[in-house]
Amino acid sequence: MGPYTPSLGDRQGDAMVDAAVDIPSYVNGKADDIVVGEQGQLENASDIADLKAGLQQSPKHIPCGYLYNDRGSQLYEEITKLKEYYPFQTEKELLSQHAVQIVSSIPAGSIVVELGCGNAEKTSVLLHALISRDGASNVHFLGIDVSMEALHMARSNLMQECPQLSTDSIEMVCADYLEGLKQARARHPSAMLCVLWLGSSVGNLKPDEAVGFFRAMQSSGGDNTQVFLCTDLWKDAAILHAAYCDSQGVTEAFIKNGMAHALHALGVGAKADPSCWHYDVVINPVDRRVEMWLVAEEDVLQVIEGVDISKGERVLMEMSRKFTPEDIRQLAFQSNFYVQDTWRDSKYSMQMLVSLDKAMQRCWSATDALFGAIQDWSAQPIDVRHPFSFYYGHLASFAKLKMLTSEDQSDMDDMYSRGIDPNIADPSKCHSHPDVPPQWPPRPKVQAYVQRIRQQILNGFHQGAIQTRAAYLTLEHEWMHLETLAYMLAQEQRLCFERSVVPPHDHVSHARKNGAVSTDSTSENGAPQQAQRANGHGTSHVNGHLNGKDHVSSQSSGNDGGYDDGIGGGNDGGNDGRNGSGAVSGLASRSNGNGITSDHSSVTNGNGHVRRHQGHVTVPVSTPTCRIPAGVVTLGTHTDPTKNFVWDNEGPPQSPQHVDSFQMGVRPVSHAEFYKFAVKCGGYFDEGYWTAADLACVKQRKQKCPATWTLQADGKVFVHRPGKSVPLHTVQDEPVWVSLAEAQAYCKWAGGRVMSEEEYARAAEHAVTSFPDRALDLYQGGWEWTSTPFQPFEGFEPMAEYPEYSSDFFDDCHYVLKGSSPYTHTSLIRSSFRNYYQKGYPYVFAKFRVCESIE
């Protein structure tokens with residue numbers, strides 16, 4: 001392997017690596033030179049060469065493969081049971097919590113391959129979920145480990161934990177990782193290999209080593225290989241130190257055993273006395289890793305010819321990198337993989353990495369599931385968007401234009417090349433786009449067009465003609481549009497609901513007649529309450545026939561956020577159901593970021609008491625707040641196209657900015673809280689809460705409540721999601737989704753304001769280190785509005801492949817949103833991502849919270 005030199009500044013992605021990068025020998029040995037070492041450990045000539053090379057470096061280091069002889073494996077099992085060593089238990093808990101969702105990303109008939117399987121204790125959790133889904137006869141496991149004892153233990157444990165599996169369904173290969181993968185592929189030439197790499201073992205590799213290993217893994221396993229990767233996240237230094245310097249000294253014994261193993265392999269085992277070494281753990285914040293060193297207590301002479309270890313000299317035994325989500329994305333990008341799904345909490349992250357062609361096909365499956373549930377493709381539930389059919393053609397056209405750049409462009413390519421985003425206040429103002437045809441092509445013609453392009457793209461992948469960056473751009477673009485389609489489906493659901501339940505006569509007159517709306521009552525803050533339109537919305541323009549029935553199918557799991565009625569994000573107890581047939585399969589079924597665990601706990605009011613409701617809206621007494629201390633933030637990220645994929649507006653990194661202290665709501669404003677403003681206090685009718693431009697836009701669109709609400713003549717309020725309509729009281733504690741104009745009007749009524757992009761970044765940083773005084777659900781439950789106009793960062797350069805993506809919308813009409821919604825694909829959930837919408841656009845799944853400056 002390439003010599004490991006621990007140095008500050010050894011950052012991930014400092015250089016683009018090629019496929020020939022050196023890879024540690026314990027994952028890259030050769031079967032033909034394997035011998036059995038004196039301690040029963042598999043040794044090979046390249047291992048010894050790497051060991052000698054490491055001892056000739058400055059500082060010296062021992063390859064971490066020497067930690068895992070039979071004694072080392074036993075000690076590691078003891079480590080996993082220590083209270084301080086959180087990674088093992090955290091990973092096991094996440095596996096148990098998300099097993100069903102994880103296996104939904106594993107195609108039926110796959111061979112489950114585990115690298116370094118140890119005793120396979122955690123693996124059985126996933127195998128049980130696979131057995132439940134596919135039946136025991138269709139589940140096959142292959143374990144790879146360099147320890148024969150570990151393999152025997154793994155087989156015994158699996159037979160005990162999964163007695164349904166036959167002995168023929170469990171294979172064990174005693175080899176290094178890559179040789180084991182080659183053997184797995186030789187035994188199963190056509191099956192999908194789902195490679196499990198648990199325990200955050202990737203943290204033992206330097207950034208370039210990790211990229212080289214993942215590329216080699218894809219080469220060894222073939223194109224039909226996906227990787228379930230578990231990674232420990234960067235966190236507080238005290239937690240990390242305790243995990244690697246436990247009070248019982250087990251980790252110290254583990255590390256010292258590795259030194260003894262190495263010295264025995266060199267034939268100088270007499271110098272391996274543990275008392276000759278002092279154990280030292282260093283937390284390296286620059287490179288985000290834990291370093292485990294042994295310091296010589298006395299001279300160790302002639303470990304190899306011409307090399308001594310002097311008293312006081314430090315030898316690096318192991319390093320464990322800790323990751324950020326951005327680190328994981330960068331590893332996947334440089335390795336030609338794609339992060340298809342993610343499940344994580346604040347400590348640990350698990351993700352499914354798939355090849356780019358498989359990622360594209362799974363994205364297409366989600367697109368087809370969504371469109372397959374739409375009966376009328378000509379429907380246009382949002383008047384400032386094209387009808388549904390356009391988007392099916394557009395996604396294919398865009399993919400062809402970006403990935404198959406040498407192909408000739410057809411008339412249909414041009415027609416579908418770009419959508420519309422007209423000015424919400426004046427739709428005659430719009431960026432450049434193709435002319436809208438008098439009639440869009442019929443559904444069969446669009447479907448045939450899409451299938452032709454998809455086949456061309458698959459051929460391009462197989463020929464190696466498609467660039468990684470072009471694939472990433474196309475995938476993120478399609479996932480973004482699937483979220484757009486999700487909020488279009490929410491509006492379609494609202495229209496269907498209102499056509500089926502709202503009387504055809506004048507809603508306001510009907511409401512007044514029945515006493516549901518009063519024109520002379522007084523709101524709680526003294527403002528006169530005005531007449532409320534029964535459905536709360538102007539008429540949406542619909543191009544096509546709507547029969548008044550709910551033609552949007554239910555969510556695939558029947559529950560998109562853990563609530564019995566199936567509505568809401570911000571709850572980590574729901575079903576995932578990615579493989580279902582719902583209208584937004586692969587999107588709405590996601591519970592907070594494809595398994596990203598929410599901060600949402602039991603719903604309480606400001607006094608800590610649980611809100612209760614019996615079929616009516618209970619307005620909260622107060623909203624708890626938290627104080628965000630002043631600090632410095634740095635917006636923007638690196639946009640080097642060779643190292644990672646991000647959109648051009650996400651960077652470059654900016655100069656550090658000071659953010660004054662401020663106060664903000666712990667949680668976003670809920671439906672119940674907004675109900676008080678909109679209905680009980682007549683907020684949409686009080687001009688004092690709105691700017692003149694915002695008020696004019698609201699009046700023009702005849703908007704009297706959030707776009708996902710229906711306010712009926714009898715005073716009842718229903719909330720709509722794709723395929724679902726429920727009474728407001730059943731989701732009253734969930735975030736309300738509104739436009740920025742509505743958010744700012746509410747904040748003015750509440751005596752506060754919407755936070756800026758810089759304040760969002762400061763609150764997000766504070767949330768990582770401060771509990772319980774922190775803002776919750778910043779990253780999930782809905783995009784978070786900021787008051788920051790969407791403008792380029794200093795040093796902005798339009799991306800060469802798609803220069804108009806951001807530049808056309810630096811218009812002082814669009815504003816920045818951060819975080820994600822329950823319909824956002826995991827690939828888009830990153831701290832640098834900047835979504836943007838017009839201030840008055842009411843349809844996006846966007847939340848907000850009340851902020852206030854502190855003098």
Side-chain angles (χ1 to χ4, degrees), residues 490 494 497-498 501-503 506-538 565 567-568 605 611-623 665 668-690 694-695 698-699 701-721 725-739 741-752 842-843 846-850:
R494 178 182 64 80
F497 176 87
E498 290 173 358
V501 301
V502 178
D506 180 77
H507 301 299
V508 175
S509 299
H510 179 78
R512 288 174 180 166
K513 179 179 179 181
N514 289 278
V517 176
S518 173
T519 58
D520 58 1
S521 62
T522 303
S523 65
E524 291 187 16
N525 66 351
Q529 278 191 289
Q530 305 295 324
Q532 184 79 1
R533 183 180 171 93
N535 68 349
H537 302 276
D565 51 67
I567 294 296
N605 63 21
R611 298 172 182 158
R612 302 182 183 277
H613 51 75
Q614 292 82 29
H616 62 278
V617 178
T618 303
V619 179
V621 176
S622 62
T623 301
V669 172
S670 68
H671 285 283
E673 291 162 333
F674 202 85
Y675 175 88
K676 181 178 180 181
F677 163 74
V679 179
K680 295 182 71 66
C681 298
Y684 282 80
F685 299 96
D686 194 320
E687 298 182 3
Y689 303 137
W690 306 80
D694 291 343
L695 185 63
V698 166
K699 286 183 176 180
R701 301 188 69 80
K702 301 179 180 178
Q703 195 177 347
K704 305 298 186 295
C705 65
T708 56
W709 286 15
T710 290
L711 178 59
Q712 292 185 320
D714 58 6
K716 292 180 180 178
V717 179
F718 286 81
V719 178
H720 309 289
R721 297 288 186 269
S725 296
V726 297
L728 185 146
H729 73 80
T730 64
V731 294
Q732 66 171 22
D733 297 311
E734 289 300 296
V736 66
W737 294 337
V738 296
S739 69
E742 292 169 291
Q744 290 181 327
Y746 178 97
C747 287
K748 189 169 184 180
W749 168 77
Y843 306 110
K847 65 185 187 300
F848 72 100
R849 63 192 79 210
V850 179

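Values in this document were obtained by computation on a predicted structure and should not be read as measured data.
Of all heavy-atom pairs spanning P668 and K847, the tightest one is CG-CD, 3.3 Å. Closest heavy-atom contact between T708 and W737: OG1-O, 4.2 Å. Scanning all heavy atoms of the two residues, the minimum distance from G752 to V850 falls at CA-CG1, 3.8 Å. Contact between Q703 and P842 at its shortest, heavy atoms only, is NE2-CB, 3.4 Å. Taking each heavy atom of V731 and V726 in turn, the nearest pair found is CG1-CG2, 4.0 Å. Scanning both residues, Y675 and G715, for their nearest heavy atoms gives OH-O, 4.4 Å.
Residues satisfying the side chain to side chain contact (heavy atoms under 4.5 Å, CB included) test with A745, not counting sequence neighbours, are F677, Y689, W690.
Only one option out of V698, V679, L695 pairs with Y684 in a side chain to side chain contact (heavy atoms under 4.5 Å, CB included); it is V698.
The NE2 atom of H671 sits 13.0 Å away from atom NE2 of H729, with the distance rounded to the nearest 0.5 Å.
There is a side-chain donor-acceptor pair under 3.5 Å between H720 and S725.
Here the side chains of F718 and P727 are in contact, with some heavy-atom distance below 4.5 Å. A heavy-atom distance below 4.5 Å is found between the side chains of T710 and R494. For the pair F848 and E742, the minimum side-chain heavy-atom distance is 4.5 Å or more.
For R849 (side chain) and G665 (main-chain N/O), a donor-acceptor pair under 3.5 Å exists by modelled atom type.
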